[in-house]
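Each ligand, and each atom within it, is numbered from 1 in the order the structure gives. We number each residue from 1, following the sequence as shown.
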Amino acid sequence: MIIAVRASQRLDSRGIPTVQVEVETEFGIHRALVPSGASTGKHEAVELRDKVDGVYGGKGVGKAVRNVQEIIGPALVKRGFNPQTQLRDIDRFVRDLDGTPNKANLGANAILGVSMACARAGAASSGIPLYEFLRKEAGIEGPYVMLVPFLNVLNGGVHSGNTMAFQEMMIAAVGATSFEEAMRMGSEVYHRLKQAILDRYGAPATGIGDEGGFAPPVTLPEQALDLLATAVADCGYSEQVKFGIDPASSEFFRGDGSYDLGFKDKSPNILSPADLQQLYNRLLAEYPIVLLEDPFAEDDWHTWAAFNKTCPVELVGDDLLVTNVERVRMADSRKACNSMLLKVNQIGTVTEAIEAASFAFSLGWSVFVSHRSGETTDDFIADLTVGLSTGHLKSGAPCRGERVVKYNRLVDIESELKAAGKTCLYAGAHFRFPSELSV
Ligand code: PEP
Ligand code: MG
């Protein structure tokens, strides 16, 4: 039973306020901290900000905190919900309490904090780890799947101060034999990459961006991918380590339907959708890229569908889908992509995020779990990814506490499962479709 719900304002990894929620039950106090994006999709659930001049630059979350303290919390306590068996009911009840389609009234940041803390309370009541609780919630069966970490080692776009339009260049150790080994390879490549940047651009170029990846003074995607290829080859991992890219292209989409790769330093480099498709096809031919996320803008359906006809790799919708079943349905009917990015705060409750994942799986798509660029020390998504057996996750570079807290939790989970003698498979080359793994 929920005895009390409390909320307070804390800071995220960018030093911007965020919501912390505590749900108290007879099994203890269960906390959650809410993440926040920078390259936010316009169809995402609404994050409530105070907009008070002069206080945290208008980014305080006092209203969202009060909504938990004064409205959501008392209503949940009064109804006597049991998080052990009623997470879905709790989420639905709070959605109804909000009463808007995008959680604009109470705020997705308020609602998600409650939902995550209730999930933790449910796991504690059942006496099981969070990943086990979420696995049951999602109805996932079969062996446990340890995911391939996609490590964002080069930061551009709105996540860093360099002139690279593309937001994320990721490495993925698909040839490792365990999650722990994938992290070792990733960390080694990360440090070799630092050396390559140091050699080429000097010490001032080794600073990092919002997600812990380096942000050297590169502009073109080829320059970034060449750096990655050098670091991977120097480590001797060219066979085992592949690349993923998130251009986050809604950020450089222009009203006239074209894209501007020079948007960061206002030196226009305008590409038509056809030019941009050609650029991606060139990159796919020249580099070992296995995943492409948001190559086109959130409502540029036509270009997504055209590209998807021949795209040979995982084509992930982030801003396009916003972890929303309705957007996934739209994308399916237009044959726009083949994978859904899952960010819990895009939709605002844990069970709606699980529903979106289940729907994506039912279409034969992949699901790729993601952190936000504004993160916290909460490691919820580590358990969520194992619970849903998605086969891959991105949580930034193997650097910065708010990023590595998820990766470290995943090493703990892998060790725990192995120590318990449970079948636990590393997704490896099957990261898109881990159900194809054989025991
Ligand atoms: C992303 O675009 O995938 C991302 C993690 O960035 P943000 O959280 O800024 O949306
Ligand atoms: Mg993205």
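- From the protein, the heavy atom lying nearest to atom 5 (C) of ligand 1 is E211 OE2, 3.4 Å.
- Minimum interatomic distance between A110 and A64 (heavy atoms only, all atoms of both residues): CB-O, 3.5 Å.
- Annotation: atom 10 (O) of ligand 1 to nearest protein heavy atom, R372 NH2, 2.7 Å.
- Of all atoms in ligand 1, listed by their number and element, those nearer than 4.0 Å to a heavy atom of D318 are 1 (C), 2 (O), 3 (O).
- Taking the ring centre of F263 as origin, the terminal cationic atom of R254 falls outside the region bounded by 6.0 Å and 45° from the ring axis.
- Nearest protein neighbour of atom 2 (O) of ligand 1, counting heavy atoms only, is Q167 NE2, 2.9 Å.
- For A38, a nitrogen or oxygen atom sits less than 3.5 Å from a nitrogen or oxygen atom of ligand 1, counting backbone and side chain alike.
- When each atom of ligand 1 is checked for a heavy atom of G37 under 4.0 Å away, the hits are 7 (P), 8 (O), 9 (O).
- In this structure, CZ on R6 lies 10.5 Å from CD on Q20, to the nearest 0.5 angstrom.
- Between T40 and ligand 1, no pair of N/O atoms sits closer than 3.5 Å.
- Side chain of D318 to backbone of D294: no donor-acceptor contact under 3.5 angstrom is found.
- Of all protein heavy atoms, the one lying nearest to atom 3 (O) of ligand 1 is K394 NZ, 2.6 Å.
- For D246, the N, O or S atom with the smallest separation from the Mg ion (ligand 2) is OD2.
- Ring centers of F431 and F368: at least 6.0 Å apart, outside the cut-off.
- In terms of polar-atom proximity, defined here as any N/O pair under 3.5 Å, S373 does make such a contact with ligand 1.
- Contact annotation: the side chain of V94 never approaches that of S115 to less than 4.5 Å [non-hydrogen atoms, C-beta and beyond].
- With a 4.5 Å cut-off on side-chain heavy atoms, L342 and V344 count as touching.
- Annotation: D246 places an N or O atom under 3.5 Å from an N or O atom of ligand 1; distance criterion only.
- Among protein heavy atoms, the minimum distance from atom 4 (C) of ligand 1 is reached at K343 NZ, 3.3 Å.
- Interface atoms of ligand 1 facing H371, defined by a heavy-atom separation under 4.0 Å, are 5 (C).
- The shortest non-hydrogen separation linking V65 to A7 is CG1-O, 3.6 Å.
- The aromatic rings of F166 and F252 lie parallel to each other, their planes meeting at an angle below 30°, with 60° marking the opposite boundary.
- Rounding to 10°, one obtains 100° for the angle at the Mg ion (ligand 2) between OE2 (E293) and OD2 (D318).
- Relative orientation of the W304 and F296 rings is perpendicular, given thresholds of 30° and 60° on the angle between their planes.
- Taking 2.8 Å as the criterion, E168 does not count as a coordinating residue of the Mg ion (ligand 2), since none of its N, O or S atoms falls below it.
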